[in-house]
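Here is the naming used below: chain letters follow the sequence lines, and residue numbers restart at 1 for every chain. These values consider heavy atoms only, across backbone and side chains, with no hydrogens, waters or symmetry-generated copies.
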There are 2 protein chains.
Amino acid sequence: MNKKTMISMAVIRRLPKYHRYLGELLNNDITRISSKELSERIGFTASQIRQDLNCFGDFGQQGYGYNVRELYDEISKILGLTRTYTTVIIGAGNIGQAVANYSKFEKLGFELKGIFDKNPKLIGIKIRDIEVKDVDDLSEFLEKNKIDIGIICVPRTQAQGIADIFVKKGIKAIWNFAPTDLNVPEDVIVENVHLSESLLTLSYRLNEAKLFGEE
Amino acid sequence: MNKKTMISMAVIRRLPKYHRYLGELLNNDITRISSKELSERIGFTASQIRQDLNCFGDFGQQGYGYNVRELYDEISKILGLTRTYTTVIIGAGNIGQAVANYSKFEKLGFELKGIFDKNPKLIGIKIRDIEVKDVDDLSEFLEKNKIDIGIICVPRTQAQGIADIFVKKGIKAIWNFAPTDLNVPEDVIVENVHLSESLLTLSYRLNEAKLFGEE
DNA sequence: ATAAATATGTTAATATATAAACATTTATGT
DNA sequence: ACATAAATGTTTATATATTAACATATTTAT
């Protein structure tokens with residue numbers, strides 16, 4: 001039974017993992033799977049899997065389990081992967097180029113429409129057949145091209161300025177790789193990738209034993 | 001009062017953010033801060049901030065608040081930033097190079113000791129004065145050099161193989177950029193950076209309204 | 001010097017997330 | 001065809017995380 005209530009972030013963040021594991025099952029020609037089997041592979045409890053999926057519909061069948069293809073398609077739909085998205089990357093440095101070259105995103109339906117930078121040395125070079133443009137031309141570009149997702153790969157100090165341009169030009173989703181928190185209106189979605197935070201979490205855990213043990 | 005109990009991941013993942021915000025306060029020559037003020041900047045509740053910090057010690061003073069410098073140093077210590085870490089990157093492609101060139105990590109004490117790849121076109125090139133070595137020489141390198149953190153930037157299919165080498169050679173912390181879950185013993189820490197999952201979360205949220213609204 | 005304001009660490013209450021239990025349905029095997 | 005096993009969706013219980021409340025201590029202002 002569908003629930004119209006808000007889905008929690010905890011559930012949302014598990015969805016891509018379901019999508020990935022189901023894709024692998026498909027590749028291995030496995031046609032059906034139970035929550036118990038999936039549980040053993042993916043590492044969530046079977047109960048959690050059933051509850052998560054039930055937020056969106058009754059995809060399984062008692063006594064049988066889930067049809068892999070069907071469930072994969074449903075989750076693709078839930079994740080919004082049945083359409084394409086246009087994107088721009090601001091910042092053609094290391095991370096910007098890495099993201100631009102990540103071919104997987106294209107396969108998932110994310111089309112890179114433009115790359116911008118302010119460094120004259122980078123403006124004009126080509127990344128995947130896309131010429132890096134001057135960031136001064138970003139506003140005009142966004143007026144002429146409907147862009148769904150803005151990707152910020154500039155240094156911390158310039159990130160908010162880019163975000164402001166995005167917001168002004170009506171972009172509703174920002175993927176932010178700059179190590180800062182962006183200030184945007186409520187209706188704009190920001191997804192952060194904070195590499196330093198990830199690394200510091202790792203170093204914390206590497207030291208945790210010492211932290212409490214040696215006193 | 002110190003609590004010897006396990007710190008939850010929810011708390012751990014907030015620590016780097018405290019570190020970042022306190023660093024900014026220091027840069028702005030702010031010497032003291034209350035949980036209330038910090039709350040307004042960082043976006044957590046004041047209550048949560050006090051509880052989080054109290055997992056590790058009594059760093060504040062009633063009526064005064066927290067000394068910024070002192071608290072920053074304490075959190076640095078908690079995060080394990082008072083020592084340096086040696087690292088290797090496996091995979092000199094886009095992401096590997098991006099991580100290698102991220103100068104911030106060096107400032108935080110993460111020293112890149114080696115970069116490895118299996119692509120003959122990449123072996124021999126220099127990234128930040130470090131010559132990319134053949135991944136076949138990785139095991140030997142790890143025997144001769146004490147490495148704290150192994151960074152995996154290879155394609156999905158090769159990631160587990162690299163992780164196995166890491167484990168075999170005694171590495172206890174893995175930073176994994178490959179879009180797969182690694183199988184490692186309990187005493188080895190894995191921190192994942194799954195860019196696709198982050199992007200799919202964004203696309204989900206961008207579509208959430210439509211998902212429930214149009215039926 | 002005293003009163004009011006500030007702000008902590010800690011305890012209690014609430015909210016959220018996860019796991020277990022269960023009634024019901026379907027599939028499977030004899 | 002029938003009994004047993006499998007596995008769902010859902011409800012209930014437990015655990016975890018967050019927020020609010022409060023007693024106590026320090027600072028600041030008069």
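With sequence neighbours excluded, the residues that form a salt bridge (Lys or Arg N to Asp or Glu O under 4.0 Å) with K77(B) are E74(B). Remark: Y21(B) pairs with no residue by the ring-ring contact (aromatic ring centres under 6.0 Å, His included) rule, at least two apart or across chains. Listed by chain and number, the residues in a salt bridge (Lys or Arg N to Asp or Glu O under 4.0 Å) with E111(A) are K113(A) (sequence neighbours excluded).
Side-chain atoms of N94(B) and Y102(A) form no donor-acceptor pair, as typed in the model, at a separation below 3.5 Å. R156(B) and T180(B) share no donor-acceptor pair across their side chains, judged by distance under 3.5 Å alone. Remark: the T201(B) side chain and the E191(A) side chain contain no N/O donor-acceptor pair separated by less than 3.5 Å. Judged by distance alone, the side chains of Q160(B) and D164(B) do bring a donor and an acceptor atom under 3.5 Å apart.
One can place CE of M6(A) at 13 Å from C1' of dT16(C), the figure rounded to the nearest angstrom. To the nearest angstrom, P of dT26(C) lies 16 Å from CG of N67(A). Rounding to whole angstrom units, CG of residue D52(A) and P of dT16(C) are separated by 17 Å. Computed from coordinates, the Q51(B) CD to dT8(C) P distance equals 13 Å when rounded to whole Å.
Identified under the ring-ring contact (aromatic ring centres under 6.0 Å, His included) test for residues 61-82 of chain B, with sequence neighbours left out: H19(B)-Y72(B).
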Below 3.5 Å is the cut-off: list the nitrogen or oxygen pairs between protein and nucleotides 4-8 of chain D, distance only.
unit_1 : atom_1 : unit_2 : atom_2 : d
dA7(D) : O4'    : G63(A) : N      : 3.2
dT8(D) : OP1    : S35(A) : N      : 2.7
dT8(D) : OP2    : S35(A) : OG     : 2.5
dT8(D) : O2     : Q62(A) : NE2    : 2.4

If you restrict it to nitrogen or oxygen atoms, what contacts under 3.5 Å exist between nucleotides 15-17 of chain D and the protein, and what is each distance?
none

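For a distance-only test at 3.5 Å, the side chain of T45(A) fails to qualify as a donor-acceptor partner of the base of dA19(C).
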